[in-house]
**Q** 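Before I ask anything, let me first share the structure, which is written out below as C-alpha cells.
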Number of protein chains: 2
Amino acid sequence: MPPGTRAALVDAAARLLDEGGPEAVTLREVGRLAGVSHNAPYKHFADKRALLGAVAARELTGLAEAFEPGRGGDAGEVLRAAMHHYAGWALAHPERFKLVFGRWPGDDLPELGAAAETAQARLVALVAAAQESGALPPGEPERLGSLVRALTHGAVDLALSGHIAEGGKGNAGPGQLVDDLFRYLAG
Amino acid sequence: MPPGTRAALVDAAARLLDEGGPEAVTLREVGRLAGVSHNAPYKHFADKRALLGAVAARELTGLAEAFEPGRGGDAGEVLRAAMHHYAGWALAHPERFKLVFGRWPGDDLPELGAAAETAQARLVALVAAAQESGALPPGEPERLGSLVRALTHGAVDLALSGHIAEGGKGNAGPGQLVDDLFRYLAG
DNA sequence: ACCTGAACACCGTTCAAGT
DNA sequence: ACCTGAACACCGTTCAAGT
C-alpha cells in the first residue's frame with residue numbers, strides 16, 4: 001500500500017483546505033478525491049475534526065523540522081531565519097496556519113499536542129544558543145522564546161486578517177517586524 | 001422598537017458564538033433566541049457571514065474604544081494598559097477574538113474594515129505620545145505600533161491555542177510578555 | 001480489517017405568500 | 001418594510017451489510 005488510504009485522505013483534506021477553508025473540506029469530497037466512498041474516512045478517523053487534526057499535526061511537524069538546531073553559523077541568525085521561515089510558511093498557506101492554531105478543545109488528538117511540544121522545545125534550544133552567542137539578552141530562554149515567537153505569530157496573523165497593512169507609510173510586513181525585534185533585543 | 005430585531009439578532013449570534021463557536025451559530029437558533037422565524041435574519045443580513053461580520057464589527061468597535069487617547073498620565077503606561085486590556089478581552093472572550101481576526105475574504109463588510117482602521121489609527125496615536133514622553137524609542141509610530149500590537153496579539157493567540165503554556169518554569173502569560181517587551185524597548 | 005449504500009437529522013438558502 | 005412556512009440541496013454521522 002504505497003499511498004495508503006489514510007495518507008490519501010489527509011492529502012485530499014489538505015488540498016481542499018487550501019482551496020476553500022475548513023468548510024470546503026467535506027467528507028464526501030475528501031472521499032471522492034481519495035477514490036473511496038464518502039464515509040470511508042470513518043474507518044481511519046473518529047470524525048471530521050480528527051481528520052483535520054491529522055492535517056494540522058502533519059503541518060506542525062513539518063514546521064518543527066525548520067526549528068532543528070543549526071549545523072553551525074551564528075546562532076542568532078539561525079533563530080532569525082527560523083522565524084522568517086515560520087512567517088513565510090504561514091503567509092504561503094494561510095488556511096493551514098489558521099487550522100493549526102485554531103481552537104482544539106478537549107484533550108484528544110495527542111498527535112497534535114506532541115508536535116506542538118516538539119516545536120516549542122526546539123525553539124527554546126535555538127534561543128538558548130543565541131543567548132550564549134550574545135545575540136540575545138540573558139534570562140529564561142522559555143520566556144524569551146515565547147516573546148520572539150509571539151511577535152512572529154502575531155505579525156503574521158494580523159497581516160493575514162488585514163489588520164496591519166503592509167506598504168503604507170511606516171507599515172511593515174511580518175519579516176520586517178521580526179528584524180526590528182531582533183535589533184531591539186540586541187540592544 | 002426599543003431592542004430592534006437587527007440588534008436582537010446580533011445579540012443572539014454573539015451569545016451562541018460564546019457558548020459553542022461559529023458552528024453553534026445556526027440561523028434557526030438565532031431566530032429562536034430573537035423571537036423570530038429562522039429566516040427572518042435574511043431581511044437584515046445578506047447571509048450568515050454578514051451576521052457574523054456584524055458581531056465582529058461590534059466587538060472590534062468596543063475594543064477600539066479602549067484605545068482612546070488617555071486623559072493624561074504617563075503615555076507609556078496608557079499604551080501598556082491598552083495592550084493589557086486587549087489581552088484581557090481576548091482571553092475572556094476567545095471565540096469573539098478568533099472571529100474578529102479570522103479570515104474575511106472579499107471586500108464587503110465595510111463596517112468591519114472601518115472598525116479595524118479606527119483601532120489601528122488610535123493605537124498609532126498612543127504610540128506617538130509614548131515616544132514623545134520618552135517611554136518608547138523613536139522611529140515610525142506605525143511600525144512600532146505594529147510591533148507592540150503584533151506581540152500582544154500573538155501572545156494571546158498562542159496562549160489560547162495552548163502553544164505557549166503559562167505556569168511552567170520560564171513560561172509567561174500574555175500580560176508578562178507585554179511587560180517584557182516594554183522593558184526591552186525602554187532599553 | 002476495510003469498505004459501501006441507504007438512511008436520518010440538521011443546516012443555509014430560496015421562494016411564494018402574507019401584513 | 002418586515003416576516004412566515006414550505007421546500008431544496010447539502011452535509012456529518014450512523015447502521016446494516018458486504019469482502
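Each chain gets a letter, A, B and so on, in the order its sequence line appears, and its residues count up from 1. Just so it is clear, the values below take in all heavy atoms, side chains as well, and ignore hydrogens, waters and symmetry mates.
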**Q** Does the side chain of A:His163 come under 3.5 Å of the side chain of A:Asp157 through a donor N or O and an acceptor N or O?
**A**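 No, no side-chain donor-acceptor pair sits under 3.5 Å.
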**Q** Assess whether a salt bridge exists between A:Glu95 and A:Lys98, defined as any Lys/Arg side-chain N lying under 4.0 Å from an Asp/Glu carboxylate O.
**A**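 Salt bridge: no.
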**Q** Considering heavy-atom distances to DNA chain C, does A:His44 or A:Arg28 have its closest nucleotide positioned more toward the 5' end?
**A**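 Between the two, 5'-proximity favours A:His44.
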**Q** Runs of at least three consecutive Watson-Crick or G-U pairs, both distances under 3.5 Å, are what I'm after; which ones involve DNA chain C?
**A**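 Stems for DNA chain C, defined as runs of 3 or more consecutive pairs: C:4-8 with D:12-16, C:12-16 with D:4-8.
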**Q** Any idea which heavy atoms bring B:Leu160 and B:Pro94 closest together, and the distance?
**A**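 So the minimum-distance heavy-atom pair works out to CD2-CB, 3.8 Å.
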**Q** Mind checking A:Val30 for me? I need base, sugar-phosphate or nothing, with any heavy atom below 4.0 Å counting as a touch.
**A**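 The answer is nothing, as A:Val30 stays clear of every strand by at least 4.0 Å.
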**Q** Both A:Lys43 and A:Glu23 contact DNA chain D. Which one's nearest nucleotide lies toward the 5' end?
**A**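 Mapping each residue to its closest nucleotide by heavy atoms, the 5'-most match is A:Glu23.
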**Q** Identify whether the distance between the nearest side-chain nitrogen and carboxylate oxygen of A:Glu77 and A:Arg80 falls below 4.0 Å.
**A**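 Here A:Glu77 pairs with A:Arg80 in a salt bridge, since their nearest N and O are under 4.0 Å apart.
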**Q** Would you say the side-chain atoms of B:Gln131 pair up with the backbone N or O of B:Gly139, donor to acceptor, closer than 3.5 Å?
**A**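 Yes.
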**Q** Taking the basic N atoms (NZ, or NE/NH1/NH2) and the acidic carboxylate oxygens, is any pair closer than 4.0 Å for A:Arg15 and A:Asp18?
**A**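 Answer for the salt bridge query: no.
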**Q** Select base, sugar-phosphate, or nothing to describe what B:His38 touches, counting heavy atoms under 4.0 Å on all strands.
**A**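 Counting heavy atoms under 4.0 Å across all strands, the contact made by B:His38 includes a base.
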**Q** Mind checking whether A:Phe97 and A:His153 have parallel, tilted or perpendicular rings, split at 30° and 60°?
**A**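 Taking A:His153 first and then A:Phe97, their aromatic rings sit tilted (interplane angle of 30° to 60°).
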**Q** Could you list where the contact with chain A starts and ends along DNA chain D, reading 5' to 3', using a 4.0 Å heavy-atom cut-off?
**A**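 Going 5' to 3' along DNA chain D, contacts run D:dC11 to D:dC15.
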**Q** How is B:Asn39 classified with respect to the nucleic acid when contacts are heavy atoms under 4.0 Å: base, sugar-phosphate, or nothing?
**A**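 Here B:Asn39 touches the bases of the nucleic acid.
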**Q** Under 4.0 Å between a Lys/Arg side-chain N and an Asp/Glu carboxylate O for A:Arg58 and A:Asp11?
**A**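 Judged by the 4.0 Å cut-off on N to carboxylate O distance, A:Arg58 and A:Asp11 do form a salt bridge.
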